[in-house]
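Taking it in order: structure first as structure tokens, then the write-up.
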Amino acid sequence: MKAYCIAVIPGDGIGPEVIREAVKVLNAVAELDGGFRFEFTHYPWGCEYYLKTGEMMPADGLEQIRHSDAILLGAVGYPGVPDHVSLRGLLLELRHGFDQYVNLRPVKLLSGAPCPLKDAQPGDIDMLFVRENSEGEYSGQGVWLYPNTPREVVIQDGVFSRMGCERVIRYAFELARKEKKTLTSISKGNALNYSMVFWDQIFGEVGRDYPDVETHSLLVDAAAMFMVKDPKRFQIVVTSNLFGDILTDLGAAISGGMGLAAGANLNPERRFPSMFEPIHGSAPDIAGKGLANPLAAIWSAGQLLEHLGYPEWYSRIVATIEQMLTMRQNLTPDLGGNASTSACGDAFVALLS
Ligand code: NAD
Ligand code: IPM
Ligand code: MN
């Protein structure tokens, strides 16, 4: 029987709590399917590890998990370790080190999910964000000159390479073509006269290879407004790293909240393992209390199954989440229920079976 090796990095705060449920679901899926199984290896990397060792993961961390079939990650970051140290040292190191240049984030309002938009129906919010995930505003480049003097100067560089823009835009076009959907590029060329003018230019160039795909271009400020006022206009969306980060939290807010927002960090060429993680963080405000909603992590585990070649399991997982939402039982407090994280996961598995 096919065995998949999954590297599990539960991380910090609610990370371990939600990942426990995602692993539970993956094991249940393997049992129900009968055609494959999972071998999970857990890595205790994160902020506690940092406080003990001075690093977020071992120096050969990437080497240790390079040959996994996929990575399942909870969340990184916790008070006590500066965020830029913890995130640069683990999450961003994994995304960059494994060249996971596509961050795929579905923004889909399921039946039964709470939505703050007046009149929005489930079919009205069904987008797929393709976020550039390897460079842009997240390049980590810059300088900090003359610290703590009146001359102090800070420069944070955005790095937009032709290869980096082209590959993620092409990925989005391929997806739009395959799914027969429109593609919207979100940028900000009116103010960012180098990076975003370049992005728009490449979007136009790549688009010439896809005359069959209907395209739209929006400035990011207007895009944020339309996501609230007229979300129907978005299907596949491609955007830069930082804009994608911000807009997908907005996407989470209009499609049920952080507890329902899933994401995949993909290396499409499969030279390196891809990584699956909910888009929420470690939620220190609710950590350790059994309050965290595991459905985002479970949805991300569904993306992992799709990546391994089981799209029918992805669909079944999303359908089961929707079933839980419409039944209004065994939901966590963020969705108006009073179930614990593990009770929600158990109910999910029972429903799936
Ligand atoms: P957050 O996503 O952790 O929390 C924002 C709000 O959403 C909080 O009120 C939280 O309780 C709620 N929330 C998040 N996930 C939830 C869930 N599954 N169920 C119920 N409620 C949930 O964002 P933050 O507070 O800005 O960041 C906390 C820490 O996490 C910081 O260190 C940040 O850098 C880090 N972070 C990590 C990731 C990641 O690892 N991918 C993502 C975002 C933030
Ligand atoms: C996310 C997170 C990360 C990001 C942070 C924690 C570095 O917010 O995955 O959305 O900005 O990419
Ligand atoms: Mn984010």
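In each ligand, atom 1 is the first atom listed, and ligand 1 is the first ligand listed. All residue numbers in this chain count up from 1 along the given sequence. Every value quoted in this text rests on a predicted model; they were computed, and no experiment measured them.
The protein heavy-atom contact nearest to atom 41 (N) of ligand 1 is E277 OE1, 3.0 Å. The protein atom (non-hydrogen) at minimum distance from atom 35 (C) of ligand 1 is V76 O, 3.2 Å. Among protein heavy atoms, the minimum distance from atom 17 (C) of ligand 1 is reached at N293 N, 3.6 Å. Of the protein's non-hydrogen atoms, D245 OD1, 3.9 Å is the one closest to atom 2 (C) of ligand 2. Here the protein heavy atom with the shortest distance to atom 11 (O) of ligand 2 is Y138 OH, 2.5 Å. Atom 8 (C) of ligand 1 has D285 OD2, 3.3 Å as its closest protein atom, hydrogens excluded (heavy atom only). Ranking protein heavy atoms by distance to atom 34 (O) of ligand 1, first place goes to D83 OD2, 3.1 Å. Regarding atom 1 (C) of ligand 2, its nearest protein heavy-atom neighbour is R105 NH2, 3.3 Å. Remark: minimum distance from atom 5 (C) of ligand 1 to any protein heavy atom is reached at M258 CG, 4.7 Å. Atom 44 (C) of ligand 1 has as its closest protein heavy atom G281 CA, 3.4 Å.
Put simply, F276 and L73 are part of two different groups of oily side chains (I, L, V, M, F, W, Y) that touch within less than 4.5 Å, one to the next. Following chains of ILVMFWY side-chain contacts shorter than 4.5 Å, one cannot reach F243 starting from V159, and the two form parts of different hydrophobic clusters.
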**Report entry** V238 vs I186, side-chain contact (heavy atoms from CB on, under 4.5 Å): CA-CA, chis, key distance, verdict
**Finding:** CA-CA 6 Å; V238 65; I186 296 178; over 6 Å; no
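Salt bridge absent: D83 and R88 never bring a charged side-chain N and a carboxylate O closer than 4.0 Å. Under the 4.0 Å criterion applied to side-chain N and carboxylate O atoms, R167 and E135 are not assigned as salt-bridge partners. Ionic pairing of K180 and D212 is not present here: no N-O contact between side-chain nitrogen and carboxylate oxygen is shorter than 4.0 angstrom. Note on R316 versus D33: no salt bridge recorded, every NZ/NE/NH1/NH2 to OD/OE distance being 4.0 Å or above.
Distances below 4.0 Å separate heavy atoms of R95 from the following atoms of ligand 2: 1 (C), 4 (C), 9 (O), 12 (O). Ligand-side atoms of ligand 1 in range of I14: 15 (N), 16 (C), 17 (C), 18 (N), range being under 4.0 angstrom from any heavy atom. Less than 4.0 angstrom separates some heavy atom of L91 from each of these atoms of ligand 1: 39 (C), 40 (O), 41 (N). The ligand atoms of ligand 1 that sit less than 4.0 angstrom from a heavy atom of G77 are 32 (O). Taking a cut-off of under 4.0 Å to the non-hydrogen atoms of A75, the atoms of ligand 1 that pass are 40 (O). Residue L87 has at least one heavy-atom neighbour below 4.0 Å for each of these atoms of ligand 2: 6 (C), 7 (C). Shown in contact with P284 at under 4.0 Å from a heavy atom are these atoms of ligand 1, numbered in order with element: 28 (C).
Scored by the ring pair (Phe, Tyr, Trp, His ring centres under 6.0 Å) test, Y78 finds no partners at all (sequence neighbours excluded). Taking H216 as the reference, E214 meet the side-chain hydrogen bond (donor to acceptor under 3.5 Å, both in side chains) condition, with sequence neighbours excluded.
Looking at E137 against ligand 2, nothing comes within 4.0 Å, counting heavy atoms. Only the side chain of R131 comes within contact range of ligand 2, with a heavy atom under 4.0 Å; no backbone atom does. Within the 4.0 Å heavy-atom criterion, the part of L87 lying near ligand 1 is the side chain and not the backbone. For H280, no heavy-atom contact with ligand 2 is shorter than 4.0 Å.
The presence of a protein heavy atom under 4.0 Å from atom 27 (O) of ligand 1 is ruled out. Atom 24 (P) of ligand 1 lies below 4.0 Å from none of the non-hydrogen atoms of the protein. For atom 12 (C) of ligand 1, the nearest protein heavy atom lies 4.0 Å or farther away.
Where the criterion is an N or O separation shorter than 3.5 Å, residue side chain and backbone included, A283 meets it with respect to ligand 1. Taking only nitrogen or oxygen atoms, main chain and side chain alike, R95 does not reach within less than 3.5 Å of ligand 1.
Heavy-atom proximity to atom 20 (C) of ligand 1, evaluated over L90, L295, I286, is greatest for I286. In this comparison of P82, P278, S282, the heavy atom closest to atom 30 (O) of ligand 1 sits on S282. Taking each of M275, H280, E17 in turn, the one with a heavy atom nearest to atom 14 (C) of ligand 1 proves to be H280.
At least one cation-pi condition fails for R37 and Y4: the charged atom is not both under 6.0 angstrom from the six-membered ring centre and inside a 45 degree cone around its axis.
Only one option out of K181, R233, K108 pairs with D126 in a salt bridge (charged side-chain N to carboxylate O under 4.0 Å, His left out); it is K108.
Using a 4.0 Å cutoff on heavy atoms, A292 counts as a contact of ligand 1. Residue contacts with ligand 1 include I279, since one or more of its heavy atoms lies under 4.0 Å from the ligand.
Judged purely by distance below 3.5 Å, without hydrogens or angles, the side chains of Q235 and T184 never pair a donor atom with an acceptor atom.
Legend: side-chain hydrogen bond (donor to acceptor under 3.5 Å, both in side chains) pairs involving residues 44-54, not counting sequence neighbours: none detected.
Protein N, O or S atom count below 2.8 Å of the Mn ion (ligand 3): the structure gives 1.
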